[in-house]
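In what follows, chains are A, B, ... by sequence order, proteins preceding strands, each numbered from 1.
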Amino acid sequence: MSKKLNKTHYFDDVYDVVRAVPRGRVTTYGTIANFLCLGSARMAGWALNKCQGALPPVPAHRVVNRKGELSGRLMFEHPTKMQELLEAEGVQIENNAVVDFDQKYWHPEESLS
DNA sequence: CCAATGACGACTT
DNA sequence: GAAGTCGCCATTG
(Lines give C-alpha, C1' and ligand atoms only; values in the text may rest on other atoms or scores of the structure.)
Protein backbone atom coordinates (compact mmCIF):
# COMPACT_ATOMS: atom_id res chain seq x y z
CA MET A 1 0.00 0.00 0.00
CA SER A 2 2.22 2.75 -1.12
CA LYS A 3 1.15 6.06 0.23
CA LYS A 4 1.42 8.56 -2.57
CA LEU A 5 0.94 11.55 -0.27
CA ASN A 6 -0.45 13.41 -3.24
CA LYS A 7 -1.89 16.38 -1.48
CA THR A 8 -4.51 16.59 -4.16
CA HIS A 9 -5.78 13.14 -3.27
CA TYR A 10 -4.81 12.71 0.33
CA PHE A 11 -8.45 12.43 1.29
CA ASP A 12 -8.44 9.00 -0.33
CA ASP A 13 -5.97 7.92 2.32
CA VAL A 14 -8.18 9.48 4.97
CA TYR A 15 -11.15 7.50 3.72
CA ASP A 16 -9.10 4.32 3.81
CA VAL A 17 -8.12 4.88 7.43
CA VAL A 18 -11.66 5.78 8.50
CA ARG A 19 -13.03 2.71 6.77
CA ALA A 20 -10.52 0.65 8.75
CA VAL A 21 -12.05 1.80 12.02
CA PRO A 22 -13.72 -1.23 13.64
CA ARG A 23 -17.39 -1.08 14.48
CA GLY A 24 -17.95 0.30 17.94
CA ARG A 25 -14.68 2.25 17.89
CA VAL A 26 -13.88 5.89 17.26
CA THR A 27 -10.85 7.90 16.26
CA THR A 28 -9.87 11.53 16.00
CA TYR A 29 -9.01 13.91 13.18
CA GLY A 30 -5.62 14.70 14.63
CA THR A 31 -4.73 11.02 14.83
CA ILE A 32 -5.54 10.48 11.18
CA ALA A 33 -3.78 13.67 10.16
CA ASN A 34 -0.75 12.69 12.18
CA PHE A 35 -0.76 9.15 10.83
CA LEU A 36 -0.92 10.39 7.25
CA CYS A 37 1.39 13.30 8.03
CA LEU A 38 -1.13 15.75 6.66
CA GLY A 39 0.27 18.37 9.00
CA SER A 40 -3.11 19.64 10.14
CA ALA A 41 -6.11 18.00 11.72
CA ARG A 42 -8.29 20.39 9.72
CA MET A 43 -7.37 18.62 6.50
CA ALA A 44 -8.74 15.35 7.86
CA GLY A 45 -11.98 17.02 8.86
CA TRP A 46 -12.23 18.80 5.57
CA ALA A 47 -11.75 15.52 3.70
CA LEU A 48 -14.48 13.90 5.75
CA ASN A 49 -16.74 16.78 4.89
CA LYS A 50 -16.79 15.51 1.34
CA CYS A 51 -16.85 11.85 2.33
CA GLN A 52 -20.62 11.83 1.98
CA GLY A 53 -20.35 11.48 -1.78
CA ALA A 54 -17.48 9.01 -1.58
CA LEU A 55 -17.90 5.38 -2.60
CA PRO A 56 -17.83 3.18 -0.76
CA PRO A 57 -19.40 5.34 1.94
CA VAL A 58 -17.09 6.36 4.77
CA PRO A 59 -18.18 5.81 8.40
CA ALA A 60 -17.43 9.39 9.30
CA HIS A 61 -19.59 9.02 12.37
CA ARG A 62 -16.70 7.08 13.88
CA VAL A 63 -14.48 10.13 13.64
CA VAL A 64 -14.69 12.71 16.37
CA ASN A 65 -12.54 15.57 17.58
CA ARG A 66 -9.83 15.36 20.23
CA LYS A 67 -12.41 15.91 22.98
CA GLY A 68 -14.52 13.02 21.75
CA GLU A 69 -17.30 15.41 20.78
CA LEU A 70 -19.40 14.83 17.67
CA SER A 71 -18.31 18.07 16.13
CA GLY A 72 -19.44 17.09 12.64
CA ARG A 73 -22.87 15.83 13.53
CA LEU A 74 -24.44 18.97 12.03
CA MET A 75 -22.84 18.18 8.71
CA PHE A 76 -24.63 14.86 8.33
CA GLU A 77 -27.84 14.33 6.43
CA HIS A 78 -29.59 14.71 9.78
CA PRO A 79 -28.04 16.30 12.88
CA THR A 80 -28.91 13.27 14.99
CA LYS A 81 -27.85 10.70 12.42
CA MET A 82 -24.30 10.57 13.72
CA GLN A 83 -25.31 9.87 17.29
CA GLU A 84 -27.85 7.29 16.20
CA LEU A 85 -25.22 5.44 14.16
CA LEU A 86 -22.76 5.45 17.04
CA GLU A 87 -25.32 4.23 19.54
CA ALA A 88 -26.33 1.53 17.07
CA GLU A 89 -22.73 0.34 17.14
CA GLY A 90 -22.60 0.23 20.92
CA VAL A 91 -20.98 3.61 21.42
CA GLN A 92 -22.74 5.57 24.14
CA ILE A 93 -23.13 9.28 23.55
CA GLU A 94 -23.51 11.77 26.35
CA ASN A 95 -23.84 15.50 25.81
CA ASN A 96 -22.82 15.10 22.15
CA ALA A 97 -19.62 13.37 23.28
CA VAL A 98 -18.42 9.76 23.29
CA VAL A 99 -18.66 8.02 26.66
CA ASP A 100 -15.44 6.30 27.70
CA PHE A 101 -13.79 7.94 24.76
CA ASP A 102 -10.38 6.80 25.95
CA GLN A 103 -11.68 3.25 25.94
CA LYS A 104 -13.34 3.49 22.54
CA TYR A 105 -10.39 5.31 21.06
CA TRP A 106 -8.79 3.51 18.13
CA HIS A 107 -5.42 4.05 16.50
CA PRO A 108 -4.53 3.17 12.88
CA GLU A 109 -1.53 1.25 14.08
CA GLU A 110 -3.88 -1.35 15.51
CA SER A 111 -4.88 -2.19 11.98
CA LEU A 112 -1.27 -2.98 11.14
CA SER A 113 -1.31 -5.83 13.64
C1' DC B 1 -4.32 37.94 -5.86
C1' DC B 2 -5.84 38.80 -0.94
C1' DA B 3 -8.90 37.81 2.89
C1' DA B 4 -11.88 34.85 5.52
C1' DT B 5 -13.41 30.29 6.93
C1' DG B 6 -13.22 25.47 8.60
C1' DA B 7 -16.12 18.05 10.92
C1' DC B 8 -8.93 20.60 14.79
C1' DG B 9 -5.01 20.74 17.91
C1' DA B 10 -1.54 22.44 20.86
C1' DC B 11 0.32 26.17 23.42
C1' DT B 12 -0.02 30.29 26.47
C1' DT B 13 -2.09 33.15 29.90
C1' DG C 1 -7.46 23.61 35.78
C1' DA C 2 -10.14 26.52 32.43
C1' DA C 3 -10.36 29.94 28.89
C1' DG C 4 -8.33 32.29 25.20
C1' DT C 5 -5.13 32.70 21.22
C1' DC C 6 -2.33 31.16 17.45
C1' DG C 7 -1.00 27.87 13.95
C1' DC C 8 -2.03 24.37 10.02
C1' DC C 9 -3.26 23.74 5.01
C1' DA C 10 -6.72 23.87 1.59
C1' DT C 11 -11.14 25.76 -0.25
C1' DT C 12 -14.16 29.37 -1.15
C1' DG C 13 -15.54 34.34 -1.63
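Within the 4.5 Å cutoff, the side chain of A:Ile93 has no heavy atoms near those of the A:Val99 side chain.
Within the 3.5 Å criterion, the main-chain N or O of A:Pro56 finds no donor-acceptor partner in the side chain of A:Tyr15.
Taking the side-chain contact (heavy atoms from CB on, under 4.5 Å) definition, one finds that A:Glu84 meets it with A:Glu87, sequence neighbours left out.
Sorted pairs that involve residues 43-53 of chain A and meet salt bridge (charged side-chain N to carboxylate O under 4.0 Å, His left out), not counting sequence neighbours, are lacking altogether. Applying the salt bridge (charged side-chain N to carboxylate O under 4.0 Å, His left out) rule to pairs touching residues 89-102 of chain A yields A:Arg62-A:Glu89, sequence neighbours excluded. Contacts classified as salt bridge (charged side-chain N to carboxylate O under 4.0 Å, His left out) and involving residues 22-31 of chain A (residues at least two apart or in different chains) are not found.
Taking atom P in both C:dC6 and B:dA4, one finds a spacing of 14 Å when rounded to whole Å.
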Restricting both atoms to N or O, compile the protein contacts to nucleotides 6-8 of chain C shorter than 3.5 Å, with distance only.
residue: C:dG7; atom: O6; partner: A:Arg42; partner atom: NH1; Å: 3.4
residue: C:dG7; atom: O6; partner: A:Arg42; partner atom: NH2; Å: 3.1
residue: C:dC8; atom: O4'; partner: A:Ser40; partner atom: OG; Å: 3.1
residue: C:dC8; atom: O3'; partner: A:Ser40; partner atom: OG; Å: 3.3
residue: C:dC8; atom: N3; partner: A:Arg42; partner atom: NH1; Å: 3.1

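The heavy-atom pair separating A:Cys51 from A:Val58 by the smallest distance is CB-CB, 3.9 Å.
Contact check of residues 43-75 of chain A against DNA chain C (heavy atom, cut-off under 4.0 Å) returns A:Met43, A:Trp46. Residues from residues 77-107 of chain A placing a heavy atom under 4.0 Å of any atom in DNA chain B do not occur. Using a 4.0 Å cut-off on heavy atoms, the residues of residues 23-34 of chain A that approach DNA chain B are A:Thr28, A:Tyr29, A:Gly30, listed by number.
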Would you tabulate the side-chain donor-acceptor contacts of residues 67-79 of chain A under 3.5 Å, counting partners in other chains and residues two or more places apart, or write 'none'?
residue: A:Glu69; atom: OE1; partner: A:Asn65; partner atom: ND2; Å: 3.4
residue: A:Arg73; atom: NH1; partner: A:Asn96; partner atom: OD1; Å: 2.8

Atom pairs and distances, donor-acceptor, side-chain atoms in residues 29-40 of chain A, under 3.5 Å, two or more places apart:
residue: A:Tyr29; atom: OH; partner: A:Val63; partner atom: O; Å: 3.3
residue: A:Thr31; atom: OG1; partner: A:Thr28; partner atom: OG1; Å: 2.6
residue: A:Thr31; atom: OG1; partner: A:Tyr105; partner atom: OH; Å: 2.3

Point to revise | side chain to side chain contact (heavy atoms under 4.5 Å, CB included) between A:Val26 and A:Val21, worked out | key: CA-CA 7 Å; A:Val26 292; A:Val21 179; 5.9 Å; no
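Between the CZ atom in A:Phe101 and the OG1 atom in A:Thr27 there is a gap of 7.0 Å [rounded to 0.5 Å].
Classification of the A:Tyr10-A:Trp46 ring pair by plane angle, with boundaries at 30° and 60°, yields tilted.
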